[in-house]
Every structure is written in C-alpha cells, then in structure tokens.
Amino acid sequence: MAARILVAGIGNIFLGDDGFGSEVARLAEIQRDDVRVVDYGIGGMHLAYDLLEEWDALVLIDAIPSRGSPGTVHVFQADHDSASGATGIDAHSMDPQTVFANLRALGGTPPYTVVVGCEAGTVEENLGLSAPVAAAVPRAVSAVQKLVAALQTSAPAEQEC
C-alpha cells in the first residue's frame with residue numbers, strides 16, 4: 001500500500017515572499033490518490049484538524065527566514081521536539097510549531113514531516129513574490145514532486161537546492 005502524503009503550502013499571500021508556500025502548492029501538480037496537495041494559506045487550525053487523519057508523511061512548503069540568500073530553497077526534516085511556547089490551542093497562528101502544538105492539543109501526533117522552505121527576501125505588506133523567490137518556485141515545485149516520489153519508498157536526506 002502506498003504512503004498517504006499531505007502536501008501543505010502555508011503562508012500569507014498579502015505579505016510578499018510569505019506567499020511562497022501557497023504559490024508552490026498551487027503549481028505542484030501531483031495526481032495520485034494517496035497524495036493530497038492543499039494551499040492552507042494562513043489556516044493553521046485547518047491544517048491541524050486535517051493532520052488528525054492518518055498521514056504517513058507531511059510535506060510542508062513555507063517561506064523561511066533568510067540566511068543572506070533570498071530565493072535559496074532548502075529541504076529538511078522538521079523538528080517536532082522543539083518547544084514552541086504554545087501550550088494550548090491557538091487558532092490565529094500559522095507557524096509550523098504552533099500547528100504541531102495545536103495538533104497535540106487535539107490529541108494527534110505529527111507525521112514524519114519534511115519542509116521545503118525558501119529563504120524570503122521580504123515579508124512586508126505586498127501582493128506578489130520578490131524576483132529571487134519567484135525564480136525559486138519552479139525549483140521548489142520540482143523538489144516537492146521528487147520528495148513525494150521519494151517518500152513513497154524512503155525518507156529523504158537533508159539537502160539544499
């Protein structure tokens with residue numbers, strides 16, 4: 001039986017590069033019965049509720065803080081054990097640690113999670129991605145597609161695209 005994989009794009013499209021996850025999810029065309037691709041935008045509680053279903057893996061697509069190279073795509077395993085400071089349900093936050101805290105508060109457990117993150121250039125009020133982040137979208141779509149294929153057989157290693 002194939003692994004059930006949830007691919008979740010997250011971010012706020014009204015905050016420039018924070019909309020990266022939504023854009024990649026919109027373009028990631030994966031036609032498999034065992035894979036669901038969803039643009040959650042800023043719907044953290046919706047994602048937490050959907051994670052109550054039985055998923056073998058979660059691919060989380062999001063903008064990440066820049067280390068000095070906006071547009072660089074990173075693929076890495078999420079750390080579910082980091083303390084987020086959240087202890088109860090927070091229906092207004094979308095950062096991954098808050099989503100996982102909400103999931104635990106609802107009685108669920110996060111599945112194996114891989115993040116496809118792009119270093120953001122700007123997250124100020126603006127509709128649309130900056131040029132370096134927009135140029136990274138096709139690389140991220142490809143990374144998501146390859147990651148889903150790899151998750152059908154084994155867990156991926158940490159990498160930079």
Side-chain angles (χ1 to χ4, degrees), residues 1-13 15 17-65 72-120 129 133 136-161:
M1 186 165 152
R4 290 193 69 228
I5 301 169
L6 177 61
V7 178
I10 62 174
N12 187 335
I13 64 168
L15 294 178
D17 291 343
D18 196 48
F20 171 79
S22 294
E23 182 67 7
V24 174
R26 185 179 71 81
L27 297 173
E29 297 178 7
I30 301 171
Q31 305 296 325
R32 295 184 57 115
D33 291 337
D34 50 354
V35 177
R36 185 183 334 159
V37 180
V38 180
D39 171 11
Y40 285 93
I42 58 171
M45 275 310 294
H46 185 176
L47 175 55
Y49 278 115
D50 281 355
L51 287 171
L52 289 171
E53 295 178 34
E54 291 295 322
W55 296 101
D56 297 303
L58 168 65
V59 176
L60 199 57
I61 312 162
D62 196 8
I64 59 175
T72 301
V73 176
H74 300 272
V75 179
F76 56 93
Q77 183 177 344
D79 178 8
H80 293 135
D81 298 324
S82 292
S84 69
T87 56
I89 293 180
D90 180 354
H92 301 289
S93 289
M94 187 52 194
D95 67 272
Q97 294 307 324
T98 302
V99 170
F100 297 142
N102 287 341
L103 175 61
R104 286 187 188 95
L106 292 168
T109 303
Y112 175 79
T113 304
V114 180
V115 177
V116 175
C118 180
E119 292 186 36
L129 303 175
V133 173
V137 169
R139 290 192 316 272
V141 168
S142 177
V144 167
Q145 292 167 337
K146 290 175 183 174
L147 187 54
V148 166
L151 285 168
Q152 295 294 316
T153 58
S154 65
E158 218 170 278
Q159 60 183 335
E160 187 172 297
C161 300

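Across all their heavy atoms, Asp17 and Ala63 have their closest contact at O-CB, 3.4 Å. In plain terms, the two heavy atoms of Ala48 and Val99 that are nearest each other are CB-O, 4.0 Å. Scanning all heavy atoms of the two residues, the minimum distance from Ala25 to Val37 falls at O-CG1, 3.5 Å. For the pair Val116 and Phe20, the tightest heavy-atom approach, listed with the atom from each and the gap, is O-CE2, 4.2 Å.
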- Task: Mind running side-chain contact (heavy atoms from CB on, under 4.5 Å) on Thr72 and Glu119 for me, showing each step along the way?
- Result: CA-CA 5 Å; Thr72 301; Glu119 292 186 36; 3.7 Å; yes
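With Asp39 contributing its side chain and Arg26 its backbone, the two residues share no donor-acceptor pair below 3.5 Å. With Asp56 contributing its side chain and Ile5 its backbone, the two residues share no donor-acceptor pair below 3.5 Å.
When side chains are defined from C-beta on, Val148 counts as touching Val7, because their heavy atoms get closer than 4.5 Å. Taking the side chain as every heavy atom from C-beta outward, Leu47 and Leu6 approach each other to under 4.5 Å. In this structure the side chain of Leu51 reaches within 4.5 angstrom of the side chain of Pro111, judged on heavy atoms. At a threshold of 4.5 Å between non-hydrogen side-chain atoms, the residues Asp62 and Asp18 count as touching.
Listed by chain and residue number, Tyr40, His46 satisfy the side chain to side chain donor-acceptor pair (under 3.5 Å) test with Asp50 (two or more places apart in sequence, or in another chain). Residues meeting the side-chain contact (heavy atoms from CB on, under 4.5 Å) test with Gln145, sequence neighbours left out: Ile30, Val141.
Between atom OG1 of residue Thr109 and atom CZ of residue Arg104 there is a gap of 7.5 Å, rounded to the nearest 0.5 Å.
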